[in-house]
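Every value quoted in this text rests on a predicted model; they were computed, and no experiment measured them. To find a chain, count down the sequence lines: A is the first, B the second, and so on, and within it residues start at 1.
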Amino acid sequence: MGWDAFGLPAEQYAIKTGQHPRVTTEKNIDRFRTQLQSLGFSYDWSREVSTTDPEYFRWTQWIFLQLYNSWLNPLTNRAEPISTYAGNDPDSVRLAFVSDRPVNWCPELGTVLANEEVVDGRSEVGGFPVERRPMRQWMLRITAYSERLISDLDGLDWPDSIKQLQRNWIGRSEGAEVRFQIEGSDAEVTVFTTRPDTLFGATYIVLAPEHALVGDLTSPEQREAVNAYKKSCSSKSDLERTVLAKEKTGVYLGSSAINPVNGEKIPVWIADYVLTGYGTGAIMAVPAHDERDHDFAVTFNLPIIEVVRSADPSRTQNQANVQTCFSGEGIAVNSPLLEGLPTSEAKKKIILWLEERGFGRGTITYKLRDWLFSRQRYWGEPFPIVWEDGTHRPLSHEELPVEPPEMQDFKPTGTSEPPLSKATEWVRYSETARRELNTMPQWAGSCWYYLRYCDPSNKDRFISKEAESYWMGSGGKPGGVDLYVGGTEHAVLHLLYARFWHKVLFDLGHLTTPEPFQKLVNQGMILGDDGQKMSKSRGNVVNPDEVVSEYGADALRLYEMFMGPLEHGKPWSMTGVEGVYRFLARVWRLAMTEDQEGNWVVSDDLAEQELTGTQRRVLHATIKKVTQDIESLAFNTAISQMMICTNEFTGANPRPIGALRILLPLLSPFAPHLCEEIWSRLAGRFPNSGFMGLASQSSWPNWNEEYLVVDEITYAVQINGKVRGHLTVATSADRMNIEKSALADTSVQALLEGKEVKKVIVVPSRLVNIVVAD
RNA sequence: GGCGGUGUAGUCCAACGGCAGAGACAAGCGACUUAAAAUCGCUCCAGUGUGGGUUCGAGUCCCACCACCGCUACCA
């Protein structure tokens, strides 16, 4: 069990209640722990960790230093110590680096947020507006791993949907960079496009408002308008720039670019529909074949030139005019070099042409951005970094952990200065050096907890070699953790970050697998009884404590597993809980009965007694199904089978006690409290019948296939796929015999009257299908 | 708009391409009880979202559409 207890929610709660986050965090952990323990989960509490424990975050900080002190060598495509970097600007390649870039600043929370924490221009926590603001921040160079983060998904046993989410998030796209000379200037603009085949249809260039060349390319007469536009963009939130922006906006810069393929002069604009962080922050606009460019061209009355025609003739009609936009693939037209070529070939040809002449090159870009890794908060891991003379340097491993200072007032300062700036004593590292004031985001500690579980109290390493190879070693599979059960909400955040860190640690030789999690299963969300997400405002929240006190932990556990498939979201139903509660009561009464004083005693119906054939078959079928269903996480059907088994024995008198010796261990993972209670009572009453120790620790029962066979099997007899009768034959009957018996059956004979039997299909143990023609 | 998932009795859900029902909830009837609760037993209920296709045979595979849920979204 691990407590991911640093971070915004914990700090917000502390501020709200006016307590120190350490206090509220500890309280909440204690309460949570009690709650979990009341459910009887089999966590190994000796491996409990908390990300806020200095002995834990010592290693979080250590891992940060690993990142800081390494780079991704493009030749090996591996992280290596920064000492192997031969260039003169190590900070430009470090995996942890400082950057002055526009970030998502949330004034309400007083902190910056990662892209992933901003939803529709608002903070994921609290839903406050977020604005763009340039600030000096720590970043992690996750983009260096884009390609490996995509390709290594192939070896993982994850649901396709999650793999797809990660692929989309990383957003690999192949295309080309094309360089446009600016008329009457040495300057050139490089654009990124996935459709270099449409180069002849480019009718203008658009730069992001924040593009570095905007100033240089603005003509004197346009300067005022351009500055005004830039200003209006910078004050807009992402929400206003994207979701709320119905009309395209932009301003002409007053200069022209020269299209390298045909020497045409085309105007250069800025517009906020071009994003600064993606590709080169500049595009060539092809309004005939891109919806966004088309909208823009229509708004500003810019020319539209068709250069791709759909191969589908029904669309060609629409293409006769350029009022509509066709963004699909087709045949190149109006493009001298590419005339008549299908899109994929046109792309190849034009890229080659551009590369030969030095006008551009084929390239790949990713949507994935570097990971903004600093927060202006108190309640997080401090960076093991100090600043001196305007440069940063790492602390040594001996100086870890760097603990946050004791502070009474840890609220945001209201400016971009982090709260730690108020701890002046702490900030002062030496005469000349000051500590880094930012703290790490919540994701930091949760990126590697699964590694610490393997070796939770190691003082010398984050995980010992031995523990790593024992727990994470995976028999040739790329992933370390055998099974990871989690919700979809972590698909592109936690799971991507953890994979990144894991790969860096793998590259540096600290781990033996390239991936953290081999098999991943998404459990569905439990909804309120109205089928809606549980929330206080809807008033449909089910409190587990109340369920436990009313029906017991076993009923809650059993019901959660009985509701339906693990992966499905499903509504909570109190009557459903009562149903499994009744089942548990039936199991109880298999062994127990009430005496005249109303006390529960071991039932007199129990006896050392041979099982009947049917009982033995049901019991072994139950062992088999429960064993297999647990393996495939199909708990609902495992429980159903145990209900069948229980029902089979409910009416039996005498009841063979051997059945309970098998059923209780099967049920104990689901309803441990009840099973142990019965087990121990039976042990008292039948000391020599094998009820030793704990039910949960007794050996798992084996089933015997021989006991599952029946003497006779009833076949359905179909004629042309419709069931016309039934036929019971000995289990030993072979295919020929079954076919013969089916055809000989009198009712079948009657139906076959005057028809020709073309084929007879016998499905073993199931049915016979007689195919006839009239 | 894009990607993914799910549609089966009144409800939650089962069903290696092989007789649509394992289990449960709810409902009804009966037994037990002075009565009720609890318990036990029995019964009722759908042809699988819609339309095509493949097949001897489709809830299951393929195509299109509809509905709901989740994620994502000016990424050139």
Side-chain angles (χ1 to χ4, degrees), chain A residues 119-120 159-165 167-169 171-173 175 191-196 198 206 238 241-243 245 248 271-275 277-286 289-293 295-296 327 365-369 487-489 491-492 522 524-525 527 529 531-533 559 562-565 567-580 582-583 585-586 589 594 621 625 634 636-644 646-647 650-651 714-726 758-772:
Chain A
V119 179
D120 287 343
D160 283 340
S161 58
I162 296 293
K163 289 188 182 184
Q164 204 51 44
L165 281 175
R167 286 194 198 100
N168 291 345
W169 190 264
R172 182 183 197 275
S173 68
V191 305
F192 174 74
T193 176
T194 56
R195 292 296 298 271
T198 62
V206 188
D238 273 10
R241 274 178 74 153
T242 57
V243 183
K248 290 272 186 290
D272 67 357
Y273 82 92
V274 173
L275 306 175
Y278 182 73
T280 60
I283 62 154
M284 61 176 211
V286 185
H289 305 290
D290 182 285
E291 295 281 354
R292 299 152 298 182
D293 298 344
D295 287 350
F296 191 82
S327 56
T365 61
Y366 300 89
K367 277 202 293 191
L368 186 67
R369 311 295 165 79
T488 332
E489 69 274 16
V492 290
N522 283 128
M525 203 184 331
L527 308 168
D529 58 10
Q532 301 286 102
K533 222 183 243 195
Y559 176 62
F562 184 61
M563 291 166 84
E567 301 85 346
H568 285 193
K570 51 234 154 184
W572 185 267
S573 148
M574 252 348 179
T575 54
V577 181
E578 283 171 32
V580 295
R582 282 204 282 268
F583 161 65
R586 276 205 298 282
R589 288 193 306 269
E594 252 177 313
K625 183 135 185 73
N636 52 332
T637 48
I639 292 166
S640 159
Q641 180 65 37
M642 287 188 283
M643 288 173 168
I644 295 171
T646 302
N647 292 343
T650 293
T714 300
Y715 281 74
V717 180
Q718 298 183 333
I719 294 170
N720 285 348
K722 293 208 170 66
V723 180
R724 296 300 187 199
H726 290 89
K758 302 196 72 161
K759 192 155 58 161
V760 179
I761 291 155
V762 177
V763 182
S765 307
R766 296 279 177 190
L767 55 73
V768 181
N769 188 15
I770 302 164
V771 185
V772 301

How does protein contact run along nucleotides 39-45 of chain B, one letter per nucleotide 5' to 3', with B for base contact, S for sugar-phosphate only, - for none, heavy atoms under 4.0 Å?
SS-----

Which side-chain N or O atoms in residues 570-578 of chain A pair as donor and acceptor under 3.5 Å with protein atoms at least two apart or in another chain?
| residue | atom | partner | partner atom | Å |
| --- | --- | --- | --- | --- |
| A:K570 | NZ | A:G564 | O | 3.4 |
| A:K570 | NZ | A:P565 | O | 2.4 |
| A:K570 | NZ | A:H568 | O | 3.2 |
| A:S573 | OG | A:T575 | N | 3.4 |
| A:S573 | OG | A:T575 | OG1 | 3.0 |
| A:S573 | OG | A:G576 | N | 2.9 |
| A:E578 | OE2 | A:Y551 | OH | 3.1 |

Tell me, what's RNA chain B's dot-bracket, Watson-Crick or G-U with both distances under 3.5 Å, | for other-strand, [ ] crossing?
(((((((..((((....[..).))).(((((.......))))).....(((((..]....))))))))))))....

Anything under 3.5 Å between a donor and an acceptor, one on a side chain of residues 636-643 of chain A, the other on a protein residue two or more places apart or in another chain? List them.
| residue | atom | partner | partner atom | Å |
| --- | --- | --- | --- | --- |
| A:T637 | OG1 | A:D629 | OD2 | 2.8 |
| A:T637 | OG1 | A:A634 | O | 3.0 |
| A:Q641 | NE2 | A:T622 | OG1 | 3.1 |

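- Contacts of A:T714 classified as side chain to side chain donor-acceptor pair (under 3.5 Å), with partners at least two apart in sequence or in another chain: A:T728.
- Mapped onto RNA chain B by nearest heavy atom, A:R195 and A:I644 fall at different nucleotides, with A:I644 at the one closer to the 5' end.
- At the heavy-atom level, A:I283 lies under 4.0 Å from base atoms of the strands shown.
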Quick one: which protein N/O atoms are closer than 3.5 Å to N/O atoms of nucleotides 16-18 of chain B? Pair and distance per line, please.
| residue | atom | partner | partner atom | Å |
| --- | --- | --- | --- | --- |
| B:rG18 | N2 | A:N769 | ND2 | 3.4 |

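- Taking the side chain of A:Q164 as heavy atoms from C-beta on, and the options B:rG23, B:rA76, B:rC3, the nearest nucleotide is B:rC3.
- Applying the side chain to side chain donor-acceptor pair (under 3.5 Å) rule to A:R586 yields the partners A:N647; only residues at least two apart in sequence or on another chain are considered.
- In this structure A:Q164 satisfies the side-chain contact (heavy atoms from CB on, under 4.5 Å) test together with A:R167, A:N168, sequence neighbours excluded.
- Residues forming a side chain to side chain donor-acceptor pair (under 3.5 Å) with A:Y366 (at least two apart in sequence, or on another chain): A:E147.
- Candidate nucleotides B:rC3, B:rC56, B:rC19 were compared by shortest atom distance to the side chain of A:N168, and B:rC3 ranks first.
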Quick test: give all pairs of protein nitrogen or oxygen and nucleotides 6-15 of chain B nitrogen or oxygen below 3.5 Å, distance rounded to 0.1 Å.
| residue | atom | partner | partner atom | Å |
| --- | --- | --- | --- | --- |
| B:rC12 | O2' | A:M563 | O | 3.1 |
| B:rA14 | OP1 | A:N636 | ND2 | 3.3 |

